[in-house]
Amino acid sequence: TQDETIRLKEIVLALPPLYRDVFLLSRFGGLTYEEIAARLGVSMKTVERRMAQALVLCAAQIRD
């Protein structure tokens with residue numbers, strides 16, 4: 001529904017910038033972790049950690 005879409009957008013936009021950037025580049029930008037790492041100037045391991053944390057934070061908000 002439209003309410004769910006709005007809620008998901010709010011959750012993503014509320015993520016801390018480091019996590020939000022990785023999440024958006026991956027999920028909506030279609031970039032691979034390798035491409036995200038190159039774009040952001042960080043290691044692929046950092047991208048993996050940030051994505052994992054973004055997903056944890058999103059899941060916590062969805063459960064609330």
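Remark: Q53 CD to M51 CE distance equals 12.0 Å, nearest 0.5 Å.
Evaluation of the side-chain hydrogen bond (donor to acceptor under 3.5 Å, both in side chains) rule for R49 yields T46 as partners, not counting sequence neighbours. Scored by the side-chain contact (heavy atoms from CB on, under 4.5 Å) test, T5 finds no partners at all (sequence neighbours excluded). Remark: E48 pairs with K45 by the salt bridge (charged side-chain N to carboxylate O under 4.0 Å, His left out) rule, at least two apart or across chains.
Using a 4.5 Å cut-off between side-chain heavy atoms of Ile, Leu, Val, Met, Phe, Trp and Tyr, with links allowed through other members, L55 and L31 fall into the same hydrophobic cluster.
Applying the salt bridge (Lys or Arg N to Asp or Glu O under 4.0 Å) rule to pairs touching residues 30-43 yields nothing, sequence neighbours excluded.
Counting side-chain heavy-atom gaps under 4.5 Å among Ile, Leu, Val, Met, Phe, Trp and Tyr, the cluster of I62 also holds L8, I11.
By the 4.5 Å heavy-atom criterion applied to side chains, V42 and R50 are counted as neighbours.
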Under 3.5 Å, which donor-acceptor pairs do the side chains of residues 16-26 form with other protein atoms, sequence neighbours left out?
{"residue": "R20", "atom": "NH1", "partner": "L13", "partner atom": "O", "Å": "3.0"}
{"residue": "R20", "atom": "NH1", "partner": "L15", "partner atom": "O", "Å": "3.0"}

